[in-house]
Amino acid sequence: MTASDSRHLADALPSDDEILAAVDRSFAEDVGPGDATADLIDPAKRITATLTCREDAVLAGAPWFEACFRTLDPDVSIDWAFHDGDRIPAGSVVCRMEGLARALVTAERSALNFLQMLSSTATATAHFVDAIAGTRTRMLDTRKTLPGLRRAQKYAVRCGGGTNHRMGLFDAMMLKENHIIAAGGIPQAIADARRIHPELPLIVEVENLDELQQAIDGGADRALIDNFTLPMMRDAVALTAGRIPLEVSGNVELHTLRDIASTGVDFVSSGALTKNVRAIDLSLRLDL
C-alpha cells in the first residue's frame, strides 16, 4: 500500500471514540454481564493465537478488531502480516496474537464479526472496482448500510478502492423524483434547494434527457441518471459534454458494470457494496 493509499484510508477512518462505542455495543449484546464459559480459564494465563483467512479477500476492519481485544487486555500484542486495503490470498495468516487467554476467547466473536463484515464490504467493492479498471468511471457506495455501522462500512469501501458518496441526508442534497414532484418540477426544486442550503452539493435525479438538460441549465452539481439504457447513457454523456458529472444508479450488476463504464459516465453507485454482506471466512485459533 502506498503512502497516498494510507492517507486515503485515514481520512475515512472513524474516530477512536466511535470505534470504541461500536465495540461497547457489540460487547453489550454478546458478553453482557460476563462470559460464563471463560470462567473456566485461569485469569492470569497468557497464550498465543493465529488468525487465518480461508478465501481470497481484501482486509478491512483492523482498528475494530484490535479495539475488541485491547478493551479486555490493554497489553495484548497483535502482529499483522496484512493491513487494511491489502489483498489476502486464501490460506494466509493475517495476524498473530499474544495476550490473556480469557480476553482472547471472550473478544473473539465480536472482533471477527467486525473484521469479517468489513472485509466483505471491501472485497465486494474491489470486485466492482476491478470490473471498471482502466476506465474513467469511479465506484460509489450508497446509504444502504447496516444500521449504526455506516462510517465503518464506508471506510471498508475505501479499503476496497471505492469512493464514498454522501455520508447521510445532512452533507449533500439529492433531489429525487418525489422531491421534484413536491417542489413543482426540476427548475423550481433546484432554485429552492440553492436558496435553503446554498452551502451543500446538489445532485439531481433525472429520468430522461429533457430532465437532464433542465438539471444542467439549473446549475446542478451532479446528475443522477436513473435506470437509463446504455444508448441513453451515451447520449447523456454527449449532452453534458463534461459540464457536470454523471452518476449511474439503478439495475447495476457486476456483469453489466464494464458496459456502463464504457459509456463514459463519471460514477456508478450501487448498494451491493454494503448491503449484500457475506462474511469473509476467517478463523482465529489459540495455539497449543
Exercise. Can you tell if the side chain of Cys95 reaches within under 4.5 Å of the side chain of Asp79, non-hydrogen atoms only?
Worked result: no
Exercise. In terms of hydrophobic clustering (I, L, V, M, F, W, Y; side-chain heavy atoms under 4.5 Å; direct or indirect links), are Phe27 and Leu118 co-clustered?
Worked result: yes
Exercise. Does a donor on one side chain sit under 3.5 Å from an acceptor on the other, for Thr121 and Gln153?
Worked result: yes
Exercise. Looking only at atom types and distance, does a side-chain atom of His127 sit under 3.5 Å from a main-chain N or O of Ala124, one as donor and one as acceptor?
Worked result: no
For this session: State yes or no: do Ile132 and Leu140 share one hydrophobic cluster built from I, L, V, M, F, W and Y residues joined by side-chain heavy-atom distances below 4.5 Å, directly or via other members?
Result: no
Problem set entry | Short side-chain to backbone donor-acceptor contact, Glu247 and Phe267, under 3.5 Å | no
Problem set entry | Whether Thr123 side chain and Ser119 backbone form a donor-acceptor pair below 3.5 Å | yes
Problem set entry | Heavy-atom closest contact (Ile186 atom, Val204 atom, distance) | CG2-CG1, 4.3 Å
Exercise. Are any non-hydrogen side-chain atoms of Cys53 and Ile280 less than 4.5 angstrom apart?
Worked result: yes
Problem set entry | Rounded distance [0.5 Å steps], CG in Leu175 versus CD1 in Ile203 | 9.0 Å
Exercise. Does a side-chain heavy-atom distance below 4.5 Å link Phe128 with Val268?
Worked result: no
Problem set entry | Met173 with Ile244, same ILVMFWY side-chain cluster at under 4.5 Å | yes
For this session: Using a cut-off of 6.0 Å, state whether more than 12 heavy atoms not belonging to Arg96 lie near its atom CZ.
Result: no
For this session: Taking all non-hydrogen atoms of both residues into account, name the closest pair between Phe228 and Met233 and its distance.
Result: O-CE, 3.2 Å
Exercise. Can Arg70 and Val76 be said to form a side chain to side chain contact (heavy atoms under 4.5 Å, CB included), step by step?
Worked result: CA-CA 6 Å; Arg70 296 196 191 286; Val76 66; 3.5 Å; yes
Exercise. With hydrophobic residues grouped by side-chain heavy-atom distances under 4.5 Å, do Val58 and Met117 end up in a single group?
Worked result: no
Problem set entry | Pair Glu199-His197, side-chain donor/acceptor within less than 3.5 Å | yes
Problem set entry | Derivation and outcome, side chain to side chain contact (heavy atoms under 4.5 Å, CB included), residues Asp56 and Ile88 | CA-CA 6 Å; Asp56 293 342; Ile88 308 171; over 6 Å; no
Exercise. What are the two closest non-hydrogen atoms of Ala122 and Cys159, and how far apart are they?
Worked result: CB-CB, 4.0 Å
Seminar exercise, completed: Closest non-hydrogen contact found for Ile190 with Gln214 is CD1-O, 4.2 Å
For this session: Give a yes or no on whether Asp16 atom CG has more than 12 heavy-atom contacts from other residues, nucleotides or ligands under 6.0 Å away.
Result: no
For this session: Verify side chain to side chain contact (heavy atoms under 4.5 Å, CB included) between Met97 and Leu104, making sure each step is shown before the conclusion.
Result: CA-CA 9 Å; Met97 309 175 61; Leu104 295 187; 3.6 Å; yes
Problem set entry | Sub-4.5 Å side-chain heavy-atom contact between Pro89 and Phe82 | yes
Exercise. Under 4.5 Å between any side-chain heavy atoms of Ile216 and Leu212, yes or no?
Worked result: yes
Exercise. Quick one: NE2 on His165 to OG on Ser270, what's the gap to the nearest 0.5 Å?
Worked result: 11.5 Å
Problem set entry | Stepwise salt bridge (charged side-chain N to carboxylate O under 4.0 Å, His left out) test for Arg258 and Asp130 | CA-CA 9 Å; Arg258 187 77 186 185; Asp130 288 348; over 6 Å; no
Exercise. Do you reckon Leu239 sits in the same ILVMFWY cluster as Ile260, going by side-chain contacts under 4.5 Å, direct or chained?
Worked result: yes
Exercise. Under a 4.5 Å cut-off applied to non-hydrogen side-chain atoms, are Ser77 and Phe69 in contact?
Worked result: no
For this session: Rounded to the nearest 0.5 Å, what's the gap from CG on Leu284 to CZ on Arg109? Could you check?
Result: 9.5 Å
For this session: Start with the C-alpha distance between Asp73 and Arg102, add both sets of side-chain angles, then the distance that settles salt bridge (charged side-chain N to carboxylate O under 4.0 Å, His left out), and finish with yes or no.
Result: CA-CA 9 Å; Asp73 178 7; Arg102 288 184 62 164; over 6 Å; no
For this session: Could you tell me whether a side-chain N or O of Arg150 sits under 3.5 Å from a main-chain N or O of Met167, the two making a donor and an acceptor?
Result: yes
For this session: Going by the side-chain contact (heavy atoms from CB on, under 4.5 Å) test, name the single residue among Leu282, Val94, Asn113, Leu51 that passes it with Phe65.
Result: Leu51
Exercise. Do side-chain atoms of Asp192 reach the backbone of Ala189 as a donor and acceptor pair under 3.5 angstrom?
Worked result: no
Exercise. Going through the checks in order, is the side chain to side chain contact (heavy atoms under 4.5 Å, CB included) test met by Asp226 and Val206?
Worked result: CA-CA 6 Å; Asp226 188 39; Val206 301; over 6 Å; no
Problem set entry | Polar contact flag, side-chain donor to acceptor under 3.5 angstrom, Thr263-Arg234 | no
For this session: For Asp217 and Arg243, run salt bridge (charged side-chain N to carboxylate O under 4.0 Å, His left out): C-alpha distance rounded to whole Å, both residues' side-chain angles, the deciding distance at 0.1 Å, then the answer.
Result: CA-CA 10 Å; Asp217 293 342; Arg243 287 177 287 176; 5.2 Å; no
For this session: For Ala62 and Trp80, work out which heavy atoms get closest and say how close.
Result: CB-CZ2, 3.7 Å
Exercise. How far apart are the closest heavy atoms of Pro43 and Leu100, and which atoms are they?
Worked result: O-CD2, 3.6 Å
Exercise. After noting the C-alpha distance and the side-chain angles of Thr256 and Asn251, does the key distance pass the side chain to side chain donor-acceptor pair (under 3.5 Å) rule?
Worked result: CA-CA 9 Å; Thr256 64; Asn251 296 323; over 6 Å; no
Exercise. Hey, is the main chain of Thr137 close enough, under 3.5 Å, to the side chain of Asp266 for a donor-acceptor pair?
Worked result: no
Exercise. Side chains of Val237 and Val265: closer than 4.5 Å at any heavy-atom pair?
Worked result: yes
For this session: Please determine, by modelled atom types, if Asn164 and Tyr155 share a side-chain donor-acceptor pair under 3.5 angstrom.
Result: no
Exercise. From Thr142 OG1 over to Lys275 NZ, what is the distance, rounded to the nearest 0.5 angstrom?
Worked result: 8.0 Å
Exercise. Is it true that Asp141 and Lys154 make a salt bridge, defined as a side-chain N closer than 4.0 Å to a carboxylate O?
Worked result: yes
Exercise. Can any side-chain N or O of Thr125 pair as donor or acceptor with the backbone N or O of Gly161 at less than 3.5 Å?
Worked result: no
Exercise. How long is the span from the CD atom in Glu211 to the CD1 atom in Ile225, to the nearest 0.5 Å?
Worked result: 12.5 Å
Exercise. Measuring from Leu112:CG to Ser283:OG, what's the distance to the nearest 0.5 Å?
Worked result: 8.0 Å
Exercise. Are Arg278 and Glu55 ion-paired here, with the side-chain N under 4.0 Å from a carboxylate O?
Worked result: yes
